[in-house]
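The block underneath contains the structure these notes are about, expressed in structure tokens.
So that the names make sense, note that chain A is the first sequence line, chain B the second, and so on, each numbered from 1.
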Amino acid sequence: MTDTITARTTEAPHCVFDAKEFASGAHPVWCPGCGDFGVLAALERGLAKHGRPPHEVVLVSGIGCSSRLPGYMSTYGFHGVHGRALAAATGLKLTRPDLEVIVVGGDGDGYSIGGNHFIHACRRNVDMLYVVMDNRVYGMTKGQPSPTTEADWDSDIAPGGIGLRPFNPLAVAIASGANYVARGFSGDPNGLADLILDGIRWPGFAFIEVLSPCVTFRPEQSGWKKLVRPSAISVESDRAAATALVLADDGFSLGVLYRGDRAAVAPPQAPSIAVADIEREFTLA
Amino acid sequence: MTDTITARTTEAPHCVFDAKEFASGAHPVWCPGCGDFGVLAALERGLAKHGRPPHEVVLVSGIGCSSRLPGYMSTYGFHGVHGRALAAATGLKLTRPDLEVIVVGGDGDGYSIGGNHFIHACRRNVDMLYVVMDNRVYGMTKGQPSPTTEADWDSDIAPGGIGLRPFNPLAVAIASGANYVARGFSGDPNGLADLILDGIRWPGFAFIEVLSPCVTFRPEQSGWKKLVRPSAISVESDRAAATALVLADDGFSLGVLYRGDRAAVAPPQAPSIAVADIEREFTLA
Amino acid sequence: MARKSLAVVFAGSGGSGAMSAGAVFLRACARAGYFGMMNQLFGAQVRGGESAALVQVSIDPIEAQPDRYDLFVALDWEKVDQFAAEIPLDQASAVLADPQAGAMPPNIAKSKARNVAFAMAEGVKHGRGAQRVNMYAVGAVGALAGLSTDNVEAAVADVFKDKPTDIVAANLKSAVSGFASSANLTLNIRLDAPRHAARWLISGNQAIALGALRGGVRFVGCYPITPATDLVEWLAPHLMKLGGRLVLGEDELASVNMALGASYGGTPAMTVTAGPGFSLMVETIGLAVAAEIPLVLVDVMRAGPSTGIASKTEQSDINLAVYGAHGDAPRIVMAPMSVADCAATAEYAAYVAEAFQTPVIVLSDQQLGQSTTVIDSDQPRPKPMARRVNGVAPADGAFKRYAIAADPLTPMPPPGTPGHEWVAEGLTHNEVGLPASGAGPHVAQINKRAKKIARFDPGEWWGECWGDSATAIVAFGSTVGPAREAARRLAAAGRPVRVVALRVIAPLPVAHLARALDGVRRVIVVEQNHGAQLYHYLLGQKAIPTAAESVARPGPLPYRPSEIASYVA
Amino acid sequence: MARKSLAVVFAGSGGSGAMSAGAVFLRACARAGYFGMMNQLFGAQVRGGESAALVQVSIDPIEAQPDRYDLFVALDWEKVDQFAAEIPLDQASAVLADPQAGAMPPNIAKSKARNVAFAMAEGVKHGRGAQRVNMYAVGAVGALAGLSTDNVEAAVADVFKDKPTDIVAANLKSAVSGFASSANLTLNIRLDAPRHAARWLISGNQAIALGALRGGVRFVGCYPITPATDLVEWLAPHLMKLGGRLVLGEDELASVNMALGASYGGTPAMTVTAGPGFSLMVETIGLAVAAEIPLVLVDVMRAGPSTGIASKTEQSDINLAVYGAHGDAPRIVMAPMSVADCAATAEYAAYVAEAFQTPVIVLSDQQLGQSTTVIDSDQPRPKPMARRVNGVAPADGAFKRYAIAADPLTPMPPPGTPGHEWVAEGLTHNEVGLPASGAGPHVAQINKRAKKIARFDPGEWWGECWGDSATAIVAFGSTVGPAREAARRLAAAGRPVRVVALRVIAPLPVAHLARALDGVRRVIVVEQNHGAQLYHYLLGQKAIPTAAESVARPGPLPYRPSEIASYVA
Ligand SMILES: Cc1ncc(C[n+]2csc(CCOP(=O)(O)OP(=O)(O)O)c2C)c(N)n1
Ligand SMILES: Cc1ncc(C[n+]2csc(CCOP(=O)(O)OP(=O)(O)O)c2C)c(N)n1
Ligand code: SF4
Ligand code: SF4
Ligand SMILES: [Mg+2]
Ligand SMILES: [Mg+2]
């Protein structure tokens with residue numbers, strides 16, 4: 001991350017932590033080799049660098065393999081129902097702007113059942129980070145095509161492939177108003193940790209799409225490590241240009257794609273009246 | 001509409017109707033002057049030109065002032081629950097490709113509660129037309145800001161304005177994969193009828209955002225007739241270019257914005273086995 | 001002879017000002033010291049169509065729509081007769097109409113109500129400056145009822161306080177000339193002198209909002225839906241000024257999850273909806289149960305099923321409130337017993353949700369919610385209760401948010417508390433909140449939550465019982481008012497009836513209810529839905545005898561006292 | 001002495017092949033003519049972790065998990081003892097384990113089961129080429145049970161039919177050497193000779209899918225959810241080949257509305273889900289009720305509330321199925337009484353939905369759905385019923401889709417039918433389907449729909465009653481099997497018990513149930529949830545006496561026959 005970027009962050013770190021302090025110690029249910037391990041490591045490292053203590057951080061998630069992540073961190077967590085993590089996080093952050101709110105989940109949770117909350121979270125621009133572990137499959141339910149699955153990926157439920165052009169989360173995020181859009185790779189936890197730190201500190205709604213292979217149902221995704229390249233996407237503050245970039249990209253360029261300058265939703269105002277003042281409205285005098 | 005476009009339509013009209021034959025005769029509950037009257041007229045005219053008889057057409061809608069429209073037409077109709085019209089229409093069209101399926105509704109129904117079905121309908125690209133009567137307000141519930149409402153529009157529920165950048169339906173539709181994207185105006189029913197005809201005939205999912213004033217809760221929208229201009233948006237077959245256009249536009253340019261060349265979802269295949277063949281799978285011999 | 005109460009309708013086409021007429025009349029009477037209630041009827045047109053303001057005023061509190069109206073004021077006759085079925089008139093009723101407006105429409109005329117000619121159009125023409133027929137009519141009716149011009153004028157000023165001064169002046173002038181014109185009308189609707197006391201003019205929706213604010217609610221996630229929208233519209237600006245926030249969700253799924261997220265953060269939170277939205281929310285209610293997070297859900301019931309009739313009343317969401325959600329998801333359900341009780345019930349709901357770390361559903365209904373009512377402002381209030389947040393920091397290992405101990409209520413420190421980090425968990429979990437799939441934790445946590453709900457004893461807040469007759473009517477919500485009015489009349493006729501109103505519906509306050517039904521030989525459960533939802537629920541809980549009778553019919557018409565009285569009699 | 005039945009567990013760490021072992025053993029026994037059932041247990045890891053295959057085989061049909069296992073085959077001991085609570089062993093049980101794998105873990109050892117050393121690792125080493133311990137074990141157990149090598153080899157070929165030939169060969173070889181090795185084992189698990197008949201090997205989920213196809217379902221909208229996913233995964237390719245279509249919705253709201261849209265178009269349609277998805281669907285169930293559109297909803301119940309335990313069984317969605325949705329929304333609810341009954345119940349549900357133009361909910365559960373079972377292939381099937389589509393074309397005016405007439409079932413011609421255009425309407429509507437807000441149409445249409453449901457008489461399809469004792473167990477779904485097995489044992493012990501199984505749960509077949517309970521003095525309602533949902537429902541319908549007893553406990557453990565027998569005794 002360049003100096004310019006750091007200079008625009010909203011908060012400076014107030015103390016320094018070790019990544020290990022962000023681990024809960026619980027043993028992940030993930031299959032050995034699952035990409036989500038890399039994302040967990042990146043979150044621990046990114047948060048350690050960020051410097052806020054675990055109790056000031058809340059990880060919010062829905063349902064899926066990836067959504068199990070909050071239990072593996074030493075922070076507060078909210079493991080809600082499938083697809084609604086962004087909504088819960090919105091209520092939380094709007095009432096507790098003092099907390100660091102990070103939403104995590106999968107492509108099914110976020111782009112399928114959670115799609116409406118995704119586009120509206122982008123639009124609402126509440127100051128939080130959303131990390132999607134995209135493995136282009138519903139892992140938890142044992143391998144069905146998700147919105148980001150390739151059209152021709154064969155599965156029991158869609159023999160021969162689902163036949164639909166995959167959902168483009170980055171294009172949709174930009175069109176919907178996200179203020180920060182990046183792509184990371186679970187196989188590069190340090191690079192991802194930097195993106196996470198950057199996204200946390202960027203004002204408004206920051207979205208990081210992470211390529212996070214499902215070794216069990218999409219073993220061919222182990223080839224992703226050869227496809228990713230860290231630079232082709234450049235930071236663009238222009239939505240049209242950023243869209244053009246992302247539409248032209250093959251989906252394997254990593255880095256920050258877009259950073260906007262929308263102000264995040266403001267915290268609630270300080271109380272200016274008491275309930276008793278309101279009651280007067282009903283009197284008849 | 002140019003010849004080139006007509007040449008790419010999927011079906012030719014098979015007989016000619018009068019617009020009146022598409023009216024049910026029921027008296028709309030709409031406030032006098034509501035923009036939706038213009039959309040109703042445009043649908044009647046567009047369908048008459050299209051030439052399929054009323055019984056081969058199904059109007060599908062959700063809930064809202066605009067969603068009342070199916071009852072005012074002489075076609076078949078499905079007036080479902082709030083926000084789910086596109087899903088119902090998808091099931092209908094996929095099983096009854098012989099029918100002309102048209103989905104209508106409002107900005108609340110389509111972009112707010114129905115947002116997930118909107119982006120996934122764009123992606124799924126089933127051959128149907130979706131007409132949104134956008135009045136930038138929840139009319140039926142008496143005037144709350146919708147996703148397309150201007151940030152500073154004052155209302156009881158959001159005094160001083162909701163403070164959010166409005167949702168850009170056209171940009172989101174393009175990012176999500178709609179195959180046809182246009183903007184119309186209820187004050188020009190003939191122009192809108194042409195767009196409707198064009199959208200019906202274009203393969204795949206066609207989306208027409210219609211500026212349709214709510215004279216009751218947004219009386220200032222009567223000024224729209226001075227703002228709309230019929231030409232600034234040109235037909236673009238390039239998604240990035242179309243996005244750039246729509247992001248730069250002030251929202252009042254009318255016409256076809258984007259026409260893609262994705263093939264629509266194919267109809268189901270002809271039966272190749274019988275249930276008895278399946279049963280054999282369970283036998284133990 | 002003067003009367004104790006008066007029921008008046010102001011009706012007319014779009015633009016006739018029927019609603020303002022009703023509002024001014026109600027307010028003028030309220031200022032004069034009367035109780036009162038106003039309900040609204042609208043035609044099919046979304047806005048600006050014909051309408052009718054149904055106003056009752058009385059020297060006693062009013063909790064039910066009347067059996068009949070004394071007076072029907074036709075501001076004009078356009079499309080107004082469509083309301084006839086909802087406005088019972090009889091030969092003792094008077095219809096005040098302008099002869100210029102044409103003949104009484106047949107649906108009204110067949111009531112045999114007496115026609116009293118009132119040249120309103122002429123009347124306003126004679127005044128100076130712009131004039132309003134509706135205010136002219138209100139002035140006249142106010143005078144006939146025995147109000148002072150002061151009260152009428154102050155009411156006009158109140159109702160039009162946000163309008164430009166010339167408009168206010170024109171309305172005032174019309175009301176005053178109407179007042180004067182009453183001398184020419186032979187119509188005895190004079191009211192007895194009222195008893196004065198501190199009163200409020202409030203709707204059930206406003207009262208629920210106020211109660212929630214009193215109860216500490218500072219976050220609301222919601223999505224507009226009739227007839228709950230005006231609740232949140234009233235609430236939004238007040239909540240903002242109290243330092244809270246109302247967020248419009250993109251749908252009900254978002255709204256209820258936003259509220260749950262805010263509550264997890266430590267802020268008492270609420271969502272407000274009606275049937276269709278409530279149906280969408282039950283998955284998240286289950287999450288609130290499983291993860292033990294406080295939440296208030298207000299359902300302003302309307303006529304169902306599906307989209308039904310959005311603007312009209314019914315009590316048909318009992319099943320959904322009590323049983324909605326997959327799995328074993330016990331929750332608390334309450335219903336205000338009157339408009340006057342709305343604030344207290346909502347406040348109580350907020351406290352109970354917090355104290356028991358559980359969703360509390362408040363079943364209001366359109367009839368309560370949208371009745372603008374004069375109530376005594378001095379109503380009983382529940383004692384504050386709060387969420388337990390002081391957990392014992394673990395010496396080692398993770399904080400046991402979901403500890404299995406004698407007390408099923410385990411502390412839930414808010415995020416930001418050092419050393420108590422926990423994960424709110426909707427999966428079957430162990431004591432520290434990690435997912436678990438064995439029978440042990442599954443059964444232990446289900447028992448923990450069930451015990452918590454079973455331990456909730458509302459005490460005197462369970463409901464109310466009036467009378468000690470051997471015949472009892474059991475009711476809840478907006479049906480309590482008509483039931484009580486029916487009981488008053490039956491008592492007056494020498495046939496006293498007990499009325500048992502449930503404020504807490506689930507968990508059913510079985511012991512309190514049994515005490516209230518002690519000595520009863522005939523139980524009649526009255527409710528406003530087709531399926532007799534409450535009746536079957538009470539049977540299922542063995543709370544009423546199998547011989548209990550059920551009076552159940554759907555909306556959209558509110559129960560009238562005579563309907564209940566004639567069944568019981 | 002040979003035995004009538006045998007319960008065997010194959011367990012081991014990820015990669016040990018416990019599931020294939022179980023599948024081969026079950027299939028080999030089935031081929032030999034035995035009945036059987038297999039259930040699966042998995043560790044916490046999403047995939048590839050430790051697992052156990054629970055297999056029972058018998059000369060009689062099997063409908064319940066056993067009280068205890070005769071044999072535990074440890075392919076290795078890694079993490080396997082976590083399953084101990086779910087695999088009852090006792091001193092009469094044998095544990096077949098390789099001494100090389102180490103000592104028996106304490107949770108298993110404390111059962112006092114006899115350890116039978118079986119040098120599997122050594123055994124496979126001595127064979128030629130690549131070898132599999134799991135198949136070696138199956139071969140040995142098969143031989144001990146008295147199967148022929150032919151049956152074992154054919155079963156291996158069946159189970160591995162999609163694998164490359166070298167893999168199949170290696171597995172075959174191991175099974176054969178294992179078969180031979182059995183001679184060295186002193187373990188008497190020899191089965192009685194079976195009775196042969198036409199049989200199927202099928203899971204409840206597959207059987208429901210098959211039943212739906214038989215019933216004419218040609219469109220499915222769904223969203224993956226455990227334990228319903230394998231149902232739709234099996235269904236999808238078959239549906240395609242039958243000219244139908246399965247669409248993966250973006251969520252359950254989409255799925256159920258897609259199905260409803262397809263159904264409106266004239267195609268029998270279904271959605272398939274589990275608790276969380278079902279909760280999301282209830283708003284649309286209400287629409288299907290109000291607009292009178294056929295729909296089959298299959299809920300494969302799992303442990304709740306909220307996300308609960310996705311992979312384990314419970315019967316806790318009765319409340320949601322019977323009562324879920326706002327407003328008066330009566331619907332039909334059914335449950336298969338066994339795996340063998342799944343196809344018939346699903347087929348029946350499809351017919352009833354079509355014929356009664358209404359949503360029909362099929363409550364299956366994980367225990368039924370994911371039990372791979374040997375059943376007699378010749379099961380009773382329901383008579384086809386179809387949707388009424390031939391409406392009378394109106395001479396003038398619109399087609400009266402929602403006509404109020406003596407017969408509440410009014411024709412619903414599919415779109416495309418000239419002259420019968422109608423709008424499916426979820427608002428309160430008049431006879432032609434236009435929104436209406438008066439009491440008249442509201443009450444008339446609610447009555448129409450209620451009458452329709454009330455007229456549904458399932459006849460002999462209501463459920464079943466076995467026995468005529470004065471003590472009756474009432475059960476449904478996967479609890480019927482254990483109840484019947486308990487009854488068999490009690491009868492054998494000279495204490496006969498009647499078992500009453502409900503296939504139709506709502507509307508409650510009150511008359512049929514009353515007949516089934518005729519002469520009963522003691523009623524015991526057995527169900528698998530905490531809240532005694534069925535019990536309270538039956539009480540609420542006055543279908544059982546208030547003295548009826550409730551046996552209700554949550555999942556995730558299935559009921560075992562002894563549990564029910566010891567309560568009853
Ligand atoms: C309402 C609801 N519907 C469906 C499910 C079943 N379900 C659990 S996780 C999941 C998809 C997970 O996919 P994704 O978010 O991509 O996570 P992954 O497992 O791939 O990390 C589904 C469909 C559920 N738990 N709740
Ligand atoms: C599930 C559900 N939530 C909320 C509502 C209430 N509701 C009815 S229409 C509507 C919004 C309508 O807005 P829009 O789609 O823009 O239509 P318009 O009335 O403006 O034409 C809402 C929120 C409902 N009927 N169902
Ligand atoms: S199934 Fe896939 S996504 Fe889930 S834990 Fe295993 S590798 Fe990861
Ligand atoms: S409220 Fe607005 S959108 Fe609704 S009918 Fe009236 S003008 Fe049209
Ligand atoms: Mg995934
Ligand atoms: Mg709108």
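Taking 4.5 Å as the limit, every side-chain heavy atom of A:V137 sits out of range of all side-chain heavy atoms of A:S146. Residues C:E421 and C:F399 are not in side-chain contact: their nearest non-hydrogen atoms beyond the backbone lie 4.5 Å or more apart. The shortest distance between side-chain heavy atoms of A:V104 and A:Y130 does not fall below 4.5 Å.
Of all the listed residues (C:P414, C:A343, C:A288, C:A259), the one sharing the greatest number of non-hydrogen pairs under 4.5 Å with chain A is C:P414. No other option in C:A30, C:G416, C:G265 has as many heavy-atom pairs under 4.5 Å with chain A as C:G416. For the options A:T95, A:V101, A:L59, heavy-atom pairs under 4.5 Å to chain C are most numerous at A:T95. Contacts with chain A were tallied for C:G221, C:G243, C:P435; C:G243 has the most, counting heavy-atom pairs under 4.5 Å. Note: C:A254 leads C:G249, C:G426, C:A254 in heavy-atom pairs under 4.5 Å with chain A. Highest contact tally toward chain C, considering only A:G83, A:S24, A:G91, A:A89, is held by A:G91 [criterion: heavy-atom pairs under 4.5 Å]. Per-residue counts of heavy-atom pairs under 4.5 Å with chain A were compared for C:L260, C:L253, C:T267, C:I375; the largest is that of C:L253. With respect to chain C, the highest number of heavy-atom pairs below 4.5 Å among A:L94, A:T75, A:T90 belongs to A:L94. Contact tally against chain A (heavy-atom pairs below 4.5 Å) for C:R27, C:R218, C:Q206: the top residue is C:Q206.
Contacts between A:V58 and chain C at a heavy-atom distance below 4.5 Å involve the side chain alone, from C-beta outward. Only the side chain of C:I293 comes within contact range of chain A, judged by heavy atoms closer than 4.5 Å. If you measure heavy-atom distances from A:A274 to chain C, the contacts under 4.5 Å come from the backbone alone. Contact annotation for C:V374: only side-chain heavy atoms (C-beta onward) come within less than 4.5 Å of a heavy atom of chain A. For A:R96, the part lying near chain C is the side chain, with the backbone staying farther off; criterion is any non-hydrogen pair under 4.5 Å. Heavy atoms of A:L99 lying under 4.5 Å from chain C belong exclusively to its side chain. With a 4.5 angstrom heavy-atom cutoff, A:R123 does not touch chain C via any of its atoms. Contact of A:E279 with chain C is made through backbone and side chain together, with heavy-atom distances under 4.5 Å. Proximity to chain A involves both the backbone and the side chain of C:H420, based on heavy atoms less than 4.5 angstrom apart. Only the side chain of A:I63 comes within contact range of chain C, judged by heavy atoms closer than 4.5 Å. Contacts between A:A270 and chain C at a heavy-atom distance below 4.5 Å involve the backbone alone (N, CA, C, O). Residue A:T283 touches chain C through both its backbone and its side chain, counting heavy-atom pairs closer than 4.5 Å. Heavy atoms of C:L246 lying under 4.5 Å from chain A are absent altogether.
Electrostatic pairing of C:R381 and C:E347 counts as a salt bridge here, judged by a charged N lying under 4.0 Å from a carboxylate O. Salt-bridge annotation for C:R401 and C:E425: absent, with no side-chain N of the basic residue lying under 4.0 Å from a carboxylate O of the acidic one. Checked for salt-bridge contact, C:K161 and C:D158 miss the test: no charged N lies under 4.0 Å from a carboxylate O.
Taking the ring centre of C:F35 as origin, the terminal cationic atom of C:R199 falls inside the region bounded by 6.0 Å and 45° from the ring axis.
A donor-acceptor pair is defined here as one N or O able to donate and one able to accept, closer than 3.5 Å; such a pair exists between the side chain of A:Y72 and the backbone of A:V29.
The six-membered or imidazole ring of A:F205 lies away from that of A:Y180, with a centre-to-centre distance of 6.0 Å or more.
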(request) Using the side-chain contact (heavy atoms from CB on, under 4.5 Å) rule, take A:I273 and C:L242 through it: C-alpha gap first, then chi angles, then the decisive distance, then the call. (result) CA-CA 6 Å; A:I273 56 167; C:L242 287 169; 4.0 Å; yes
(request) Would you sort out whether A:V265 and C:R245 count as a side-chain contact (heavy atoms from CB on, under 4.5 Å), showing the intermediate values? (result) CA-CA 12 Å; A:V265 172; C:R245 184 179 321 243; 3.6 Å; yes
(message) If you apply the rule side-chain contact (heavy atoms from CB on, under 4.5 Å), what do you find for C:L287 with A:F78, and how did you get there?
(response) CA-CA 11 Å; C:L287 171 61; A:F78 182 103; 4.1 Å; yes
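Tested against A:L47 for a side chain to side chain contact (heavy atoms under 4.5 Å, CB included), the candidates A:E56, A:M73, A:E21, A:R52 yield a single pass: A:M73.
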